Q: 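Can you keep this structure in mind? I'll have questions shortly.
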Amino acid sequence: MQISKRISGTTKPGTTKLTKLTKRFGVRASFLVILVGFVVQGFPGAWAQTIQPRPPDPAREKRLEWFREAKYGLFIHWGLYAIPAGQWNGKRSLGLGEWVMFRSTVPVKEYEKLAARFNPVKFNADEWVKLAKDAGMKYIVITSKHHDGFALFKSKASAYNMVDATPFKRDVLKELADACARGGIRLGFYYSQSQDWHEPHGAGNTWDFGPDDKKDYDQYLRGKAEPQVRELLTGYGPVALIWFDTPRMMTGDRPHRFTRIVRELQPNTLIDGRLGAEGDYVSTGDNVIPPSASGEAWEVPATINHTWGYRTDDHDWKSPGQIAFKLLDIVSKGGNYLLNVGPTAEGVIPQPSQDILRTVGRWLQVNGEAVYGAGPTPFGEELGEPSARGAKDLRGDSLIYQQIQWRVTTKPGKLYFTFFDEPRAPFEIPRIKNAIKRAYRLADKAPVDLKTENGRALLNLERPIFDPMATVVVVEFEGTKVER
Ligand code: JFZ
């Protein structure tokens, strides 16, 4: 298993944007993330960053068609944890907002009381769908039940749900499903199949129920998790995907029981990479972008700040430029970007999240052709290079020094060069055997000066650069596929 190729720094420091990105990709922060991830999750397999090729499966490819086209989705982490929002009994509870019950070892009897206070009067499903669409996102994935065990939907399998246990009494998943259908956007459900801190036999809650290895997992799986997954696949129209997570006790037949339920009820529904058995696509570690391109379908779940569930104290938002870079980085490597928001207990998506998403969305309105349905880079040298000094990460893999000046995505006969910085000299198009026909800016179709010198194709980009956040130049070539 190849794991944790570190991404750090840049070879061309200078502007503030670069400095900020360098900070983002800083070695220390990510080592911390890796360590924390290990301690909390305890399943190192999911950290694999280099995506392994799998034998082809035509049925899976068919299910994946929309997913490969979509590229960009909205993740929503919402539940009772939005009320404490990172604090318990007036004390700061460190870590992810949705982990507050675990971090502060809150007894079920106490945590449950949050349900009586969950009254998100400002919740409006159409507004959430509109945000996703304004952002240029093509699918939504919402936490139907997170590790705390509370379901956002009406459930016969457990009364610990939005309709039966809160004053709000509305099935928010139903409202969201209807709004998605109206808005023409796909909806998928996150479902925590293993961890359920509310149930005596679910994984994770050892403070109320004792050690996990003494539990009767199948009692919980048969009594709650499996019936709830059935409910999700029967009451909410077409389900784009089920996003299982943290497969702690998914041994033997257990993951396959979920696969059978999904395939039986909705054969087109995708299964993510964290069920505990092979899914339809690979899920990378949270916020982890692989170092190189892959033909496999894969997805990065990612935060805009540092938490999934809302926290009042996390204001460290990624900028629109950083999000745009990550999106293009991911698409140029063949993946999807599932970017998260954590609505408040009132049902409001934090304004900074909305503003950032809409700014990227305006860029996509003009430049989306380089993203939706676009294939990966035929090059790779633009992505980065291993440390020349032979530096290694915690696992002994070479550190990769990421380059962040430009990325390439492709469609038949076209290369899309997205520049995140102004090239300081004519930009040399990596050598290809195909004849180059013409070059133009995607945003306004204005021709870009293209010349050939000693067999090298050079682009002379206008300065100052057209769009300082990201400027896309389309290069058309003879044939459909790049020959190198
Ligand atoms: C899990 C959850 O525990 C977390 O609350 C959130 O929902 C996130 C999207 O998923 O956290 C993980 C799961 C897997 C990894 C890291 C964090 N992993 O494989 O690297």
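Remember, it's a predicted structure, so these values are computed and weren't measured experimentally. Position 1 is the first residue of the sequence, and the numbers go up from there. In listed order, ligands and their atoms are each counted from 1.
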Q: Using a strict 4.0 Å cut-off to heavy atoms of Glu98, name the atoms of ligand 1 that fall inside it.
A: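 Contacts of ligand 1 toward Glu98, numbered from 1: 4 (C), 5 (O), 6 (C).
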Q: Is Thr284 in polar range of ligand 1, meaning some N or O pair under 3.5 Å apart?
A: no
Q: What part of Asp245 sits under 4.0 Å from ligand 1 if we count only heavy atoms: the side chain, the backbone, both or neither?
A: side chain
Q: When the aromatic ring centroids of Trp128 and Phe123 are compared, is their separation below 6.0 Å?
A: yes
Q: Out of Thr246, Val141, Asp286, who is nearest to atom 12 (C) of ligand 1 when you count heavy atoms only?
A: Asp286
Q: Are Lys130 and Asp126 close enough for a salt bridge, meaning some N to O gap below 4.0 Å?
A: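 Not counted as a salt bridge, because no side-chain N and carboxylate O are separated by less than 4.0 Å.
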Q: Say whether His146 and ligand 1 are in contact under the criterion: heavy-atom distance to a ligand atom below 4.0 Å.
A: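 Yes, His146 has heavy atoms under 4.0 Å from ligand 1.
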Q: Any nitrogen or oxygen of Trp243 lying under 3.5 Å from a nitrogen or oxygen in ligand 1? Just yes or no.
A: no
Q: Without swapping roles, check the side chain of Thr246 against the backbone of Arg248 for a donor-acceptor pair under 3.5 Å.
A: no
Q: With a 4.0 Å cut-off on N to O distance, would you call Glu299 and Arg274 a salt bridge?
A: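 No, no charged N to carboxylate O under 4.0 Å.
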Q: Applying a heavy-atom cut-off of 4.0 Å, say which part of Gln195 lies close to ligand 1: side chain, backbone, both or neither.
A: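 For Gln195, no heavy atom sits under 4.0 Å from ligand 1.
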Q: Drop me the distance from Asn305's CG to Asn340's CG, to the nearest 0.5 angstrom.
A: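 Here the rounded value is 8.0 Å.
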Q: Would a line drawn from the ring center of Tyr190 to the ring center of His77 be shorter than 6.0 Å?
A: yes
